[in-house]
Amino acid sequence: ENSKLGIHIRGLINELYLDDLRKKTMRGLEGQKLRGFNTGESVYGYKSCPVGELKLNKKGQPKYEGMVHKIKEEEALIIKRIFKEFIEGKSIHSIVKGLNEDKMPTKKNHIGGWATSTVTRILKNEKYTGRWIWRKWKNVRDPMTGKTKKIERPKKEQMDLFKEDLVIIDQNT
């Protein structure tokens, strides 16, 4: 009988701990974002570069003050090509075919090369115009199926930042 109560109490304490950990983690990430640092976004056309003084953390591991995005010129040229060809009226399928024929490098050097979905994602990505929205989506687990799905957060929870130094495609394009 006592073990039943102990299991419920431990479960409740663990759940409260995870909620608190989630809040602290988000607070830390938000602080890094407000200071202008990268919080883990990996986007084709950009690379993460360390910034600040190199220090050792509590475990003795080297750690920089933060990471910032910089434009990766060779990938930026490919992005500009994709937008140029799309504006000229080429279909996404023909753009993909051209990129694969010219053996243009992909983000993770996929064996099959470029895919239609990748080019579509690039064309829809606002980050190339300098608009970086942080905390736009959140993953929610459906308790019935156990699957996670992405849902958009309310506008007040999102952090909309404009980064002029990261513009690859001008607003008019």
Side-chain angles (χ1 to χ4, degrees), residues 13-84 99-100 102-115 117-141 147-173:
I13 290 170
N14 289 343
E15 191 174 333
L16 291 172
Y17 171 75
L18 290 176
D19 288 342
D20 186 49
L21 182 62
R22 183 181 308 113
K23 287 177 189 172
K24 286 178 180 176
T25 302
M26 287 304 290
R27 189 179 71 215
L29 289 172
E30 185 176 350
Q32 286 293 85
K33 200 65 172 173
L34 288 171
R35 292 170 60 205
F37 295 130
N38 172 5
T39 56
E41 305 99 335
S42 177
V43 183
Y44 187 79
Y46 301 100
K47 59 184 174 186
S48 290
C49 300
V51 175
E53 192 178 324
L54 178 64
K55 297 178 181 178
L56 297 177
N57 65 10
K58 292 177 184 176
K59 295 179 181 178
Q61 300 165 329
K63 187 174 180 183
Y64 287 95
E65 195 175 329
M67 301 290 276
V68 294
H69 280 110
K70 300 282 184 197
I71 294 175
K72 198 171 184 181
E73 288 302 324
E74 56 273 5
E75 292 179 0
L77 291 173
I78 296 169
I79 291 164
K80 289 177 182 177
R81 172 183 168 173
I82 291 169
F83 274 87
K84 181 179 171 273
L99 290 170
N100 286 330
D102 295 341
K103 297 192 183 333
M104 291 295 175
T106 60
K107 179 80 173 173
K108 296 179 181 173
N109 294 321
H110 290 289
I111 295 166
W114 288 85
S117 61
T118 307
V119 173
T120 303
R121 214 172 312 120
I122 286 173
L123 289 168
K124 290 180 178 181
N125 197 338
E126 292 178 297
K127 289 181 172 123
Y128 299 121
T129 63
R131 186 171 184 221
W132 290 67
I133 301 173
W134 186 65
R135 273 195 328 219
K136 186 172 184 175
W137 302 95
K138 71 177 174 180
N139 292 327
V140 178
R141 192 173 78 74
K147 294 182 180 179
T148 57
K149 59 182 177 181
K150 258 173 122 172
I151 60 168
E152 192 169 353
R153 291 178 188 261
K155 293 282 184 202
K156 64 179 181 162
E157 288 183 27
Q158 298 176 16
M159 190 182 294
D160 196 346
L161 305 166
F162 180 74
K163 297 184 176 186
E164 195 170 329
D165 58 322
L166 297 179
V167 174
I168 294 176
I169 304 297
D170 62 278
Q171 193 65 43
N172 294 333
T173 305

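- Using a cut-off of 4.0 Å between Lys/Arg side-chain N and Asp/Glu carboxylate O, Glu75 and Lys47 are scored as not salt-bridged.
- Although no hydrogens or angles enter the test, the distance criterion places a donor-acceptor pair under 3.5 Å between the side chain of Trp114 and the main chain of Met104.
- In the displayed structure, Lys63 atom NZ is contacted under 6.0 Å by at most 12 heavy atoms of other residues, nucleotides or ligands.
- For the pair Lys72/Tyr46, no side-chain contact is recorded, criterion being any heavy-atom separation below 4.5 Å from C-beta on.
- Side-chain atoms of His69 come within 3.5 Å of backbone N or O of Glu41 as a donor-acceptor pair.
- More than 12 heavy atoms of other residues, nucleotides or ligands sit less than 6.0 Å from atom CZ of Phe162.
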Side chain to side chain contact (heavy atoms under 4.5 Å, CB included) between Leu99 and Val119, intermediate numbers included: CA-CA 10 Å; Leu99 290 170; Val119 173; 4.1 Å; yes
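- Residue Arg131 is tested with Asn125, Asp160, Val167 for a side-chain contact (heavy atoms from CB on, under 4.5 Å); the sole match is Asp160.
- Surrounding CD of Glu152 are more than 12 heavy atoms belonging to other residues, nucleotides or ligands, all under 6.0 Å away.
- Contact of the Tyr44 side chain with the Arg121 side chain is not registered, since no non-hydrogen atoms from C-beta on lie closer than 4.5 Å.
- Between Ile151 and Trp137 the shortest side-chain heavy-atom distance does not fall below 4.5 Å.
- Classification of Asp20 and Lys24 as a salt-bridged pair holds, one side-chain N sitting under 4.0 Å from a carboxylate O.
- In this structure, Glu65 pairs ionically with Arg35, as a charged nitrogen and a carboxylate oxygen lie closer than 4.0 Å.
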